[in-house]
There are 2 protein chains.
Amino acid sequence: MATMQDVARRAGVSVSTVSYVLTGARPISQATRDKVHAAMAELDYQPNAMARGLASRRSRILGLLMPMDERGLGATETAFVTGAAAAASAAGYHLVLSPIGVENTDELRRLASQRMLDGALLMEVQLDDPRVDLLRGLGVPLVLIGRTADTNGLSYVDIDFDRTVRDAVDHLVGLGHRRIAYVNHSAATIAHGYGPALRTRDAFVAAMTGHGLDPLMIAAEDSAAGGRAALSDAFGRAPDLTAVLAMNENAVFGILGELAGRGLSVPGDVSVVSMVTSPQVAELATPALTAMTSPGSALGRIAVETLLRHLDGGSGELHQQLLPCVLEVRGSSGPPRAAGGDSTTGDGPARPAPARTEEAARRRAATRRRA
Amino acid sequence: MATMQDVARRAGVSVSTVSYVLTGARPISQATRDKVHAAMAELDYQPNAMARGLASRRSRILGLLMPMDERGLGATETAFVTGAAAAASAAGYHLVLSPIGVENTDELRRLASQRMLDGALLMEVQLDDPRVDLLRGLGVPLVLIGRTADTNGLSYVDIDFDRTVRDAVDHLVGLGHRRIAYVNHSAATIAHGYGPALRTRDAFVAAMTGHGLDPLMIAAEDSAAGGRAALSDAFGRAPDLTAVLAMNENAVFGILGELAGRGLSVPGDVSVVSMVTSPQVAELATPALTAMTSPGSALGRIAVETLLRHLDGGSGELHQQLLPCVLEVRGSSGPPRAAGGDSTTGDGPARPAPARTEEAARRRAATRRRA
DNA sequence: CTGAAAGCGCTAACAA
DNA sequence: TTGTTAGCGCTTTCAG
């Protein structure tokens, strides 16, 4: 493995000159620069990251703190990660992802105080996030993906939930829907102060009220079962329901299952719109889901660029930016059935259908579709 | 930020003594050790990772090379990652995930030849993977998650696809199914030599033949649409089909959608079993999918332990290990309808009572865990 | 515009 | 059982 010494010798210059060619920290004549580059190429020289880090006190590593629960990463998060990695790489930095949990402060402290990270991006930010104080205390520059309750002195990029919810509601209202249920994350999640759940809740109330409509929010566990229960709940509270807006990506599938089980068609009887959802997931459903597509990749790029600016400029300007999700209309949303609707007439129970009648109902649905 | 000098001074010993206390590379008397530990605690000392890395020529960083496509990470991969991270952390190593693509050899070379990685775990291994030669050429120890075509001289951990397919087929045959379709990945993926697709194909043929049955394999695009098409195809080729085994996790949802669209019930008319699928995804479907659950976390742990052994022992023993997925029966598999007999009797499909209770219990447990 | 040399904070011989 | 010291490979003053 060639060292800078080797390169210097071969190019007939001093090590410092090689170093300056590499870092560009002081002007070098074109002739010398060429000699050095030639020598580096011939020796297939690669700077030693540890030595450089020790001498410069800069690791050139950016940490992406990405807590992973057992549910995995959605396409949204993935887009974010790849966007961030590309931006970091373009700037000559490495982006390393660390699956350290939000509460695992020991592990994070170990990582951060060993001077391994020049800066950090925090994903899954909580309203009161222990990682923020820890990292600030250690003097590690950071950018949030999401927002804490108090964003004072913090840079962040986040989804514009207000705007996203408003656009989704406008879409449904524009189609003629008046009775819309919003299926949020679970009550526990909301109580725990999960930002997106709180913000979308408030935005939904505002958007519906703005249209002179009655907001109906249902909390749902993050699972298909949760979605089924939520839908039953929704019909219990609003039998004239014609549309569902869902923040809970996991519950969406349960909602669809329960609708099919009740013999209700999508979007004929009920329209479904999924929030902050990737095209990939949207296409998984039948019919494909109309969804608010999150700006994952752009968020990642912007976050990294912001962080790099902080590293260079010392304590430069804060950057607080919100990006909305974009409406992509697919097959799951359409105009409601003409008023006086009969969607729950006949034998459809108002109470949650037990699993066994679900089968029968599905058969009815299929039959009707063929007719 | 305290240095080792500071600790040494404060403890009244030499720097090397402090170093040896930390690394355990030579015996230190209990008295001295205590003094040093006390000094470290008082100064809140943390070793500088760069300095340590430079001096020891060991970064104590393990790279997890994890190509990310736009589809995101499944729960299986997530379990793998967390299992690996836990094992690394327990050994005093950092596990950094790098989203570098398989073909992005430049970026990988940069990462590896800067001596930033002590070793690497490769995910999404292809039969002929360019990363393997690159890393071996650079002298970076590695462990594969999956297998190349030629595993000579390589350590790997992988899923035991033979065993997994056999167990799945046995489950269905045991229920009485004779006509089973296997929905694999796409023809392009198979042609491209994707290991799991090839191995499961061969295993399926072997398993079916072993039961004296006719193997029917269908290739499907990795999407709901692909699944729907595959199911139509399957019924075209085998109208008497009673069970579907699916390797293609994305297609599964299309299969279920198409079955519902045809008015066929699951598992009453057709049983569905999903391969290499996490409980989380299995629960997304209605009914929840009987699936072969992948041993993600165990694979991650074993892979890291293997890699660490390679670092210590120099070029120690190779480790090649296969772990099977475990059958978890949920609601989507049951006995086939009695042959010839029709039996849309009463209120639903025959479904083993145990499965139903089991499923309910699991859902309760999951809910509880989340609360 | 370029070179010489003093570290960066730690590890690991070599000595005692 | 402990101390002394020469680097690890690079950055960055300080001189020219």
Side-chain angles (χ1 to χ4, degrees), chain A residues 1-37 39-40 43-61 92 94 110 113-118 311-312, chain B residues 1-37 39-40 43-61 92 94 110 112-118 139 311-312:
Chain A
M1 196 104 283
T3 79
M4 202 174 253
Q5 279 280 2
D6 302 328
V7 175
R9 227 186 328 264
R10 176 149 194 134
V13 299
S14 72
V15 279
S16 62
T17 297
V18 177
S19 173
Y20 285 120
V21 166
L22 231 44
T23 62
R26 86 179 177 192
I28 300 282
S29 74
Q30 191 56 49
T32 331
R33 187 197 309 280
D34 289 345
K35 279 192 301 188
V36 171
H37 276 135
M40 293 199 301
L43 295 173
D44 194 24
Y45 171 74
Q46 287 287 123
N48 179 306
M50 296 293 143
R52 167 184 288 218
L54 177 57
S56 67
R57 264 147 286 199
R58 289 249 213 150
S59 65
R60 303 196 144 242
I61 297 177
H94 291 291
R110 195 162 72 93
S113 57
Q114 291 185 155
R115 315 270 74 169
M116 185 109 80
L117 264 36
D118 285 352
L311 300 189
D312 297 337
Chain B
M1 198 106 279
T3 78
M4 202 175 248
Q5 281 280 2
D6 302 328
V7 176
R9 225 181 334 259
R10 178 152 192 131
V13 299
S14 71
V15 279
S16 64
T17 298
V18 177
S19 173
Y20 286 121
V21 166
L22 232 42
T23 64
R26 83 179 180 193
I28 301 282
S29 75
Q30 191 56 49
T32 331
R33 186 196 309 280
D34 289 345
K35 277 191 302 186
V36 170
H37 276 136
M40 293 199 301
L43 295 174
D44 195 22
Y45 171 75
Q46 287 286 123
N48 179 308
M50 296 292 143
R52 166 185 288 217
L54 177 57
S56 66
R57 266 151 278 205
R58 288 243 210 156
S59 65
R60 301 194 145 243
I61 297 177
H94 291 290
R110 195 163 73 92
S113 58
Q114 292 186 157
R115 316 268 74 166
M116 186 110 80
L117 263 35
D118 285 353
L311 299 190
D312 296 338

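Below, read A as the first sequence line, B as the second, and so on, with proteins coming before strands; counting in each chain starts at 1.
You can see that DNA chain D meets the heavy atoms of chain B within a 4.0 Å-exclusive cut from dT1(D) to dG9(D), reading 5' to 3'.
Contact between M1(B) and D6(B) at its shortest, heavy atoms only, is O-OD2, 4.3 Å. What you find for I61(B) and M116(B) is that their closest heavy atoms are CB-O, 3.5 Å.
Near DNA chain C, meaning a heavy atom under 4.0 Å from it, residues 16-28 of chain B has S16(B), S19(B), Y20(B), T23(B), R26(B) in order of number.
Along DNA chain C, the nucleotide nearest Q30(A) and the nucleotide nearest R52(B) are compared for position; the residue whose nucleotide lies closer to the 5' end is Q30(A).
In this structure, the side chains of Y20(A) and T32(A) stay at 4.5 Å or more apart for every pair of heavy atoms. Counting heavy atoms from C-beta on, the side chains of N48(B) and T3(B) never come closer than 4.5 Å. Proximity of R26(B) to S16(B): side-chain heavy atoms (C-beta onward) are separated by under 4.5 Å at one or more points. You'll find the side chain of T17(B) reaches within 4.5 Å of the side chain of I28(B), heavy atoms only.
Taking 4.0 angstrom as the limit, S14(A) places a side-chain polar atom (N or O) nearer than this to OP1 or OP2 of dG3(C).
Applying the side-chain hydrogen bond (donor to acceptor under 3.5 Å, both in side chains) test to S113(A) and every residue at least two apart in sequence or in another chain returns Q46(B).
Rounding to whole angstrom units, CD of residue Q5(B) and P of dT11(C) are separated by 13 Å. Spacing between atom CZ of R58(A) and atom P of dG9(C) amounts to 16 Å, rounded to whole angstrom units.
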Taking distance alone, no hydrogens or angles, what donor-acceptor pairs closer than 3.5 Å link side-chain atoms of residues 51-58 of chain A to residues at least two apart or in another chain?
unit_1	atom_1	unit_2	atom_2	d
S56(A)	OG	R52(A)	O	2.6
S56(A)	OG	R58(A)	N	3.3
S56(A)	OG	R58(A)	O	3.4
R58(A)	NH1	Y93(A)	OH	2.7

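One finds the CE atom of M50(B) at 9.5 Å from the CD atom of Q114(A) (value rounded to the nearest 0.5 Å). Interatomic distance, R9(A) CZ to S14(A) OG, rounded to the nearest 0.5 Å: 12.5 Å. With rounding to the nearest 0.5 angstrom, the OH atom of Y45(B) is 10.5 Å from the CD atom of Q5(B). To the nearest 0.5 Å, atom NE2 of residue H94(B) and atom CG of residue D118(B) are 11.0 Å apart. Atoms CE and NE2, from M40(B) and H37(B) in turn, are 4.0 Å apart once rounded to the nearest 0.5 Å.
Recorded end-axis angle for the helix from dC1(C)-dG16(D) to dA16(C)-dT1(D) stands at 30°, based on five pairs per end and rounded to 10 degrees.
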Are there any protein N/O atoms within less than 3.5 Å of an N/O atom in nucleotides 6-8 of chain C, and if so, which ones and at what distance?
unit_1	atom_1	unit_2	atom_2	d
dC8(C)	O2	A55(A)	N	3.4

